[in-house]
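Report on one structure; see the data block that follows.
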Amino acid sequence: MRQITFWQVTRIPMDISLSVLDAIGSTPLVELSRLTRGVAGRLLVKLEYLNPGASKKDRMARQIIEDAEADGSLKPHQPVVEMTSGNAGTGLAIVCAVKGYPFIAVMSRGNSQERARMMRAFGAEVVLVDQIPGSIHGQVSGGDLALVNEETARIEKERGAFRADQFHHQGNFRAHYLHTAREILEQTGGKIDAFCDFVGSGGTFAGCAAAFKEFNPRIQCFVVEPSGCAVLAGEAASQPNHRIQGGGYSMSPLPLIKPEHIDGYLRVTDEEAIAAARSLAKLEGVFGGFSSGANVAAAQQILAGRTVVTIINDSGMKYLSGELWD
Ligand SMILES: Cc1ncc(COP(=O)(O)O)c(C=O)c1O
């Protein structure tokens, strides 16, 4: 008889995923006790960079595609197209690779090139759109996005593609309402006072805020925007070319967000976001990008003895070619 040396089992359980899609979600929630030493309150971060595509956007990609399969709006082998700053596209590229849909990602040339390479690695066709004259690489403005949107619409029509349309599709909301928020409530036993998130499409904020308010209307939910581009807060966009990739697109209102779920607006400068991302890595070993730094800097503004949750949106690895890391 064979000896089992490390452990004794009567039955070996099967725990094998049928695809990498099952590795999306169920991310850890970590307290930043080093970064907040000496400050009253608990800052908890959801490590979304541990998803297969190294960002939280894997969640919405899976939900949008599976909701569209379920309601028949996406047909077998139909091409899928989406405008993306890279993370949504990477998530969709992974989901489409596994499920067998051709995927076309339309992205501004202003976004980091690691993202285009990553999407191509998953088999995506990547269409890069030039920035408007005067725009700076690494700083994608609302004007740049308008051009990306036009190109996406053209491809949708020409190729008969299903457009994932993360700014409008309820799957983006549902991914975070059904999963991200629920995980956070389970991980904390519901003991949170506030939540904040840097918004792009607003899907994460909208889904989490809706679930949190339903669970306990006293949980306060804050929208995070770049300083000088706080359009949801009602300000004019005086500095649309900020460096916090993945959001702050000067788009207001955002269709997925219910205004009654917003308790306030927090503003973060490029410098604050960068400093927070660097401290996160150095003090906590958490490797996030610009918008994760923005979230942590914003959460620190409202800590004041409370338990605040925010999101580490994507991996710092996606910015190795830029100026985030020395
Ligand atoms: C790095 C990063 N941060 C923040 C966001 C914003 O998330 P949401 O679209 O859920 O508002 C995105 C969205 O693509 C992103 O890629």
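Remember, it's 1-based here, ligands and their atoms both numbered in the order they're listed.
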| message | Show, in sequence, the C-alpha distance, side-chain angles and deciding distance for Tyr177 and Phe212, and conclude whether the side-chain contact (heavy atoms from CB on, under 4.5 Å) test is met. | response | CA-CA 9 Å; Tyr177 176 79; Phe212 292 155; over 6 Å; no

Atoms of ligand 1 close to [X] [distance to a heavy atom under 4.0 angstrom, numbered from 1]:
X	result
Asn87	1 (C), 2 (C), 15 (C), 16 (O)
Gly246	2 (C), 4 (C), 5 (C), 6 (C), 12 (C), 13 (C), 14 (O), 15 (C), 16 (O)
Asp314	1 (C)
Val199	11 (O)
Thr204	7 (O), 8 (P), 10 (O)
Ser201	8 (P), 9 (O), 10 (O), 11 (O)

| request: Evaluate the side-chain contact (heavy atoms from CB on, under 4.5 Å) criterion for residues Phe205 and Ile262: first the C-alpha distance (whole Å), next the side-chain angles of each, then the deciding distance (0.1 Å), finally the verdict. | output: CA-CA 9 Å; Phe205 178 88; Ile262 305 176; 3.8 Å; yes

| request: Consider ligand 1: state whether an atom of it lies below 4.0 angstrom from any non-hydrogen atom of Lys318. | output: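 It does not; every heavy atom stays at 4.0 Å or beyond.
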
| query | Hey, is Phe205 one of the residues with a heavy atom under 4.0 angstrom from ligand 1? | reply |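 Under 4.0 Å: no for Phe205.
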
| Just how far is it from atom OG1 of Thr27 to atom CD of Gln187, taken to the nearest 0.5 Å? |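 Answer rounded to 0.5 Å: 6.0 Å.
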
| task | Decide side-chain contact (heavy atoms from CB on, under 4.5 Å) for Lys56 and Ile311; before the verdict, give the C-alpha distance in whole Å, the side-chain angles of both, and the deciding distance to 0.1 Å. | result | CA-CA 9 Å; Lys56 65 178 180 180; Ile311 311 280; 4.0 Å; yes

Any N or O on [X] sitting closer than 3.5 Å to an N or O of ligand 1?
X	answer
Arg115	no
Tyr319	no
Asp197	no

| said: For a quick test of reading the model, state the closest non-hydrogen atom pair linking Trp325 to Gly316 and the distance between them. | reply: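 Scanning both residues completely, I find the closest heavy atoms to be NE1-O, 3.0 Å.
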
| request: For atom 11 (O) of ligand 1, state which one of Ser291, Ala88, Gly202, Gly288 supplies the nearest heavy atom. | output: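 Considering heavy atoms of Ser291, Ala88, Gly202, Gly288, the nearest to atom 11 (O) of ligand 1 sits in Gly202.
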
| said: Has Glu225 got a side-chain atom pairing as donor or acceptor with Val231's backbone, closer than 3.5 angstrom? | reply: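 Yes, because the side chain of Glu225 sits within donor-acceptor range (under 3.5 Å) of the backbone of Val231.
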
| message | I'd like to know if the side chain of Arg306 reaches the main chain of Ile302, judged simply by a donor and an acceptor atom lying under 3.5 Å from each other, with no hydrogens or angles considered. | response |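 Side chain of Arg306 to backbone of Ile302: a pair is present.
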
| said: Below 4.0 Å, non-hydrogen atoms only: which portion of Met60 touches ligand 1? Side chain, backbone, both or neither. | reply: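 The answer is neither.
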
| request: Just let me know how Lys56 lines up against ligand 1, side chain, backbone, both or neither, with a heavy-atom cut-off below 4.0 Å. | output: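 Side chain only; the backbone of Lys56 stays clear of ligand 1.
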
| message | How about CZ on Arg117, more than 12 heavy atoms from neighbouring residues, nucleotides or ligands closer than 6.0 Å, or not? | response |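 Open.
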
| field | Common cluster, Leu35/Val45, ILVMFWY with side-chain heavy-atom separation under 4.5 Å | value |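 Leu35 clusters together with Val45.
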
